[in-house]
**Q** 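Quick one: the structure is below, and I'll ask about it shortly.
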Amino acid sequence: MTPKDIVAKWYENNDVLIFGHRGASAYVPMNTILAFELAAEQGAHGVELDVHLTKDRDLIIVHNFTIDHTTDGTGTVTDKTLAELKEYDAGSWFDEKFAGLKLPTLSEVFEAVGDKLYINVEIKSLAREADGTEEVVADCIRKHNMVERVIVSSFNPYVLKRFRPIAPEMAIGYLLHPNSLSDESHTILTPSDYEALHYYHNMIGSDELAFAKKHDKPINTWTVNDTELALRLKAQGVKGIITDTPDLMKQVLS
Ligand code: G3P
Ligand code: CA
């Protein structure tokens, strides 16, 4: 199956796909197994998560480039080994009742929810030059037989450009925020480098819809927690909604 076929199959029954943004992150600590499991319970079709390479070349799920905001530790993610990262509490910052939750690895997420959810793997990397992250991500996806259930995305166009030849069988989502229009992203990637467009929701206008149609790319948009906005985006033809509140989106989009 080609990457294009993989994504087309996800959308073949014409549902708008609901991806829990960092899991069901409105309700429980983001980017934890609990958040991903809750998204599945709430009826999400998939989840979005943020992955970083650890110092010892494993893959840890955490949003920021430091652990300061979502754990009881401090410091840069990539300066720490997996064992070090596993020592921190990734739940108390949200609520004391979640004390003891750990940052998961990408493997642990695949093992926990890979059989029931599509996984949007956002690679968080600022590297312009290759540092091996893409190979480690591709190997993990293959090892867990997740090729047909994963889309790899990134704001870093260099990451996506490198990922394509490393894993030509895998689907890629081109992640864009409003500032992308003024930077060099759009000169690095061409439509043959990705299968889906991941626009921030307020970027979607007639030009973006026409571009997506012309190049036959589904749009997955983020982060949509407002039901009226979700309905408007659905009416415009958006195919995927990335949300902190999968339960609300399920109610309104089903
Ligand atoms: O993948 C969409 C969205 O997660 C990108 O922004 O900052 O939430 O990782 P951010
Ligand atoms: Ca993200």
Side-chain angles (χ1 to χ4, degrees), residues 7 10 16-33 35-36 38-39 44-53 59-71 76-78 90 93-94 103-106 109-110 113 117-127 133-134 137 141 149-160 163 170-181 183 185 189 193-204 208 212 217-226 229-230 233 238-246 249:
V7 172
W10 294 8
V16 173
L17 294 190
I18 299 165
F19 291 85
H21 180 236
R22 315 173 191 172
S25 62
Y27 308 108
V28 296
M30 66 170 82
N31 278 323
T32 59
I33 297 288
F36 303 132
L38 183 58
H45 303 91
V47 287
E48 184 267 1
L49 52 77
D50 305 289
V51 66
H52 299 249
L53 194 66
L59 296 167
I60 198 80
I61 310 304
V62 58
H63 182 265
N64 291 3
F65 288 86
T66 72
I67 59 168
D68 302 27
H69 176 54
T70 56
T71 76
T76 302
V77 177
T78 50
W93 70 275
F94 191 85
L103 299 175
T105 63
L106 185 58
V109 176
F110 288 159
V113 295
L117 291 172
Y118 300 127
I119 315 278
N120 173 359
V121 176
E122 185 194 340
I123 299 179
K124 290 288 190 196
S125 163
L126 300 174
T133 304
E134 297 81 15
V137 171
I141 293 167
R149 305 185 62 75
V150 160
I151 187 162
V152 171
S153 61
S154 185
F155 284 119
N156 184 336
Y158 297 98
V159 163
L160 298 181
F163 194 81
M170 295 186 201
I172 289 177
Y174 180 17
L175 192 44
L176 294 115
H177 55 78
N179 294 339
S180 302
L181 295 180
D183 70 21
S185 295
L189 296 175
D193 293 319
Y194 54 86
E195 280 61 51
L197 288 155
H198 291 193
Y199 290 117
Y200 182 64
H201 64 78
N202 76 358
M203 296 173 71
I204 300 173
E208 289 71 26
K217 309 286 180 191
I219 295 175
N220 300 313
T221 189
W222 52 283
T223 301
V224 180
N225 299 327
D226 179 275
L229 174 61
L233 290 161
V238 162
K239 299 288 191 193
I241 297 274
I242 301 171
T243 179
D244 300 328
T245 54
M249 293 300 123

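Whatever order the structure lists ligands and atoms in, that order sets their numbers, starting from 1. On a predicted model such as this, the values are computed, not experimentally measured, just so you know. Each residue takes its place number in the sequence, starting with 1.
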**Q** What does the list of residues with a heavy atom under 4.0 Å from ligand 1 look like, ordered by chain and number?
**A**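 Those residues closer than 4.0 Å to ligand 1 by some heavy atom are His21, Arg22, Glu48, Asp50, His63, Glu122, Lys124, Phe155, Leu175, Trp222.
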**Q** Does Tyr158 offer a backbone N or O that forms a donor-acceptor pair with the side chain of Asn156 under 3.5 Å?
**A**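 Answer holds: yes.
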**Q** Report the atom name of the nearest N/O/S atom of Glu122 relative to the Ca ion (ligand 2).
**A**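 Within Glu122, restricted to N, O or S, the Ca ion (ligand 2) is closest to atom OE1.
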**Q** Backbone N or O of Val224 within a donor-acceptor pair of the Thr243 side chain at under 3.5 Å?
**A**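 Yes; judged by distance alone, with no hydrogens or angles, the pair exists.
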**Q** Among Asp244, Leu175, Asn120, whose side-chain contact (heavy atoms from CB on, under 4.5 Å) with Trp222 holds?
**A**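 Testing each of Asp244, Leu175, Asn120 against Trp222, the sole residue satisfying side-chain contact (heavy atoms from CB on, under 4.5 Å) is Leu175.
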**Q** For the atoms OD1 of Asp50 and OE2 of Glu48, give the angle they form at the Ca ion (ligand 2), rounded to 10 degrees.
**A**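 Reported to 10°, the angle equals 110°.
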**Q** Kindly determine whether Tyr118 and Ile151 satisfy side-chain contact (heavy atoms from CB on, under 4.5 Å), including the steps that lead there.
**A** CA-CA 8 Å; Tyr118 300 127; Ile151 187 162; over 6 Å; no
**Q** Report the distance from atom CG of Asp226 to atom CE of Met249, rounding to the nearest 0.5 Å.
**A**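 Output value for this atom pair is 7.0 Å.
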**Q** Can you tell me if Thr70 uses its side chain to pair, donor with acceptor, with the backbone of Ala90 under 3.5 Å?
**A**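 Not at all, since once roles are kept as given, no pair shorter than 3.5 Å links the two residues.
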**Q** For a 4.5 angstrom cut-off between non-hydrogen side-chain atoms, does Leu160 reach Tyr194?
**A**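 No, every pair of side-chain atoms sits at 4.5 Å or beyond.
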